[in-house]
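Only this structure's heavy atoms are used, side chains among them; waters, hydrogens and symmetry mates stay out.
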Amino acid sequence: MCDQHSTIHSHEHSDHEEHNHTEHNHSENNDWQEYFPAIVSGLLLLIGILLDNYHAQFFTQKIRLIGYLIAYFPVGFPVLKSAFNSIKRGDIFNEFFLMGLATIGAFGIGEYPEGVAVMLFYTIGELFQGAAVKRAKGSIKALLDVRPDKVSVKRDGKIVIVNPAKVMIGEIIQVKSGEKVALDGIQMTELATYNTAALTGESMPETKQKGEMILAGMINLDTLTEIQVNTAFKDTKLFKILEMVQNATARKSQTQLFISKFAKIYTPIVFALAVLITLLPYFFVENYLFQDWLYRALVFLVISCPCALVVSIPLGYFGGIGAASQHGILFKGANFLDVMTKVNAVVMDKTGTLTKGNFKVQQIEIAGNEEKKILEKVALLESKSSHPVAKAIVDYVKHTLSENALSEFKEISGHGLIGKILGDEVMAGNLKLLKKYQIPYPTALEEIEETIVVIAINKVFIGYILIGDEIKMDAKQAIANLQKLNIKTVMLSGDKNAVVAKVAKTLNMSNAFAELLPEDKVQHLQTLKDQHFTVAFVGDGINDAPVIALSDVGIAMGGMGADASIETADVVIQNDQPSKIVTAIHIAKATKMIVWQNISLAFGVKVLVLILGAGGLANMWEAVFADVGVALLAILNAVRIQRMKF
């Protein structure tokens, strides 16, 4: 059942023909037919054993040989073919060769049932393994299935169905209820609700308004929606995510690389030992029987097949990548799972990583008892501006005043807004606006470093609104959980000192540094590395790409993160939640634990049964059960990560 090793690592070979048997068994269109050879072989083997035990007279030696050869053929031929193709390619000492040699040898000494049994259990193990691989790949396959293969595009007043790759930037596509969005773009419909689980791992539907960004892979849940395409298919976030997932297994962990090298050295050594077991006793043992010692050598070969190692280790890592993708975390390779287990310092950007990256009203201070009326006037005034700060105020207040209430409007660049509303002159802007019109205000306001919108009514200062970036709901818990794991937490931000200090205090960060340029962030990160920290950097902006590249593990917030950061990162968190950093660490540690459990199990049992086999205390049946049993246990342990709660 070791041929999955060849399947998982088939990218190492230029010629894939030797994997035809494997590829057939593990194709995506698996059905009962893949079990047919094993069923036929098993029934014929069972009939042969019954006839042997009941000493059927017609079951002569010649008919017996033919019968067992027919039983052997369905399961043995594909493996022998793979062994032949491997030898042609110069790869002689592999699992196909070991199993083929052991079974042909068993037939050569008249142990027909055992020869068939070796190949039968080999195939049964392979089928179990194929099911395990499918399970491990299930969540990744689900992600790959979100790729739409057609799209409805408006052309010359008609709706045309085309391949997403043929849609031009600027064209309008239509997405019906229940359909997947095929391309990134701007929503043209007033309101629409989407299932974003494929991209973010979040099951909660998300409602989008006209003008908001819609990403390929989202599923439209309600009304017919029109989207103006602003990204070519090959540049969509979905396409890039799919590329990451498909390439993830190409980057092997150090453990996998070691086992691959180990198997190449181990198999020839096992073959040499089998030859010695057969021939060496001739010089030391009285009553030497070649057939007896050859049988021991064949048992030795069956036991020594390194199936459990070469199968369960990559399967364990693949399971880890699959489990992570179920939680909206994409590891770009098994090697990053390994590094993630060693991380003892997590460095984070502030905006978009720990905070939502959008402005929200944080505090309102207005004198008198007419706060609501004043806020409604300010909101009406701000509704005429497209500035993010203005939008934050409008979203917060949700005024009910008529547009006709605003009779005059003036925007003073770099200062603010002035308008006449219901007979009152309303001013809203920064302190420069008040200074320009010589309106007195408390000097303490100049000490506030956060974004402040001051308000004046009829040239009298009346109060202010503080605008700030909102901290993500799970950020504080994420920092606390990291610190429970004895991981140092550091925030690096280009924002003002006061803002950074406030966020750092709220989140209880270990350290925080403000007003940093991208090169300053690189310097801070290098300092941590010089202090022998294994550093993970988490960011979302274009300016974070250099630090992500320098870190031991670069983590990008992939929901709204910049493409440069996502492409540079080793791990992508699709729903932008800081808590997923802790989840990623837990998954990485669980994966490593399972992989080492499998290594210990496989080595321990192999060594024990190899000694018994060489000493003649284990026969071919016990060898088969030991080999297949250990491999199945390792496989079951490897897929266990899919059921774990993180």
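- In terms of heavy-atom proximity, Asn497 sits nearest to Ala514 at OD1-CB, 3.3 Å.
- Between Leu221 and Tyr194 the shortest heavy-atom distance is CD1-C, 3.8 Å.
- Heavy-atom neighbours of Gln523 CD from other residues, nucleotides or ligands within 6.0 Å: at or below the threshold of 12.
- A donor-acceptor contact shorter than 3.5 Å is absent between the side chain of Asn344 and the backbone of Phe533.
- For Lys342, the NZ atom counts as loosely surrounded, since its 6.0 Å shell holds 12 or fewer non-hydrogen atoms of other residues, nucleotides or ligands.
- For the ring-ring contact (aromatic ring centres under 6.0 Å, His included) condition, no pair includes a residue of residues 490-510, sequence neighbours left out.
- A distance of 12.0 Å separates CG in Asn430 from CG in Leu445, rounded to the nearest 0.5 Å.
- In this structure, Phe409 places its CZ atom where more than 12 heavy-atom neighbours from other residues, nucleotides or ligands lie under 6.0 Å away.
- Neither side chain, Gln477 nor Ser579, offers a donor N or O lying under 3.5 Å from an acceptor on the other.
- No side-chain donor-acceptor contact under 3.5 Å links Glu470 to the backbone of Lys360.
- A donor-acceptor distance shorter than 3.5 angstrom exists from the side chain of Gln483 to the backbone of Asn508, with no hydrogens or angles considered.
- Atom CE of Met644 has more than 12 heavy atoms from other residues, nucleotides or ligands within 6.0 Å.
- Across Leu434 and Ala456, no two heavy atoms sit closer than the pair CD2-CB, 4.0 Å.
- Under 3.5 Å, the side chains of Glu425 and Tyr437 contain no donor-acceptor pair of N or O atoms.
- In the displayed structure, Lys210 atom NZ is contacted under 6.0 Å by at most 12 heavy atoms of other residues, nucleotides or ligands.
- Atom CD1 of Ile393 and atom CG of Leu375 lie 8.5 Å apart (nearest 0.5 Å).
- A distance-only check finds no donor-acceptor pair linking the side chain of Thr489 to the backbone of Val346 [under 3.5 Å].
- Checked by atom type and distance alone, the side chain of Asn220 pairs as donor or acceptor with a backbone atom of Val175 at under 3.5 Å.
- To the nearest 0.5 Å, atom CE of residue Met427 and atom NZ of residue Lys377 are 14.5 Å apart.
- Using a distance-only test at 3.5 Å, with no hydrogens or angles considered, a donor-acceptor pair links the side chain of Lys472 to the main chain of Asp576.
- In Gln438, the CD atom is not crowded: 12 or fewer heavy atoms of neighbouring residues, nucleotides or ligands sit closer than 6.0 Å.
- Listed by chain and number, the residues in a salt bridge (charged side-chain N to carboxylate O under 4.0 Å, His left out) with Lys384 are Glu403 (sequence neighbours excluded).
- A donor-acceptor pair under 3.5 Å is formed between the side chain of Gln187 and the backbone N or O of Lys208.
- Put simply, the side chain of Lys350 never gets that close to the backbone of Thr355: no donor and acceptor are under 3.5 Å apart.
- Not one N or O on the side chain of Ser385 forms a donor-acceptor pair closer than 3.5 Å with the backbone of Glu382.
- Ionic pairing of Asp474 and Lys580 is not present here: no N-O contact between side-chain nitrogen and carboxylate oxygen is shorter than 4.0 angstrom.
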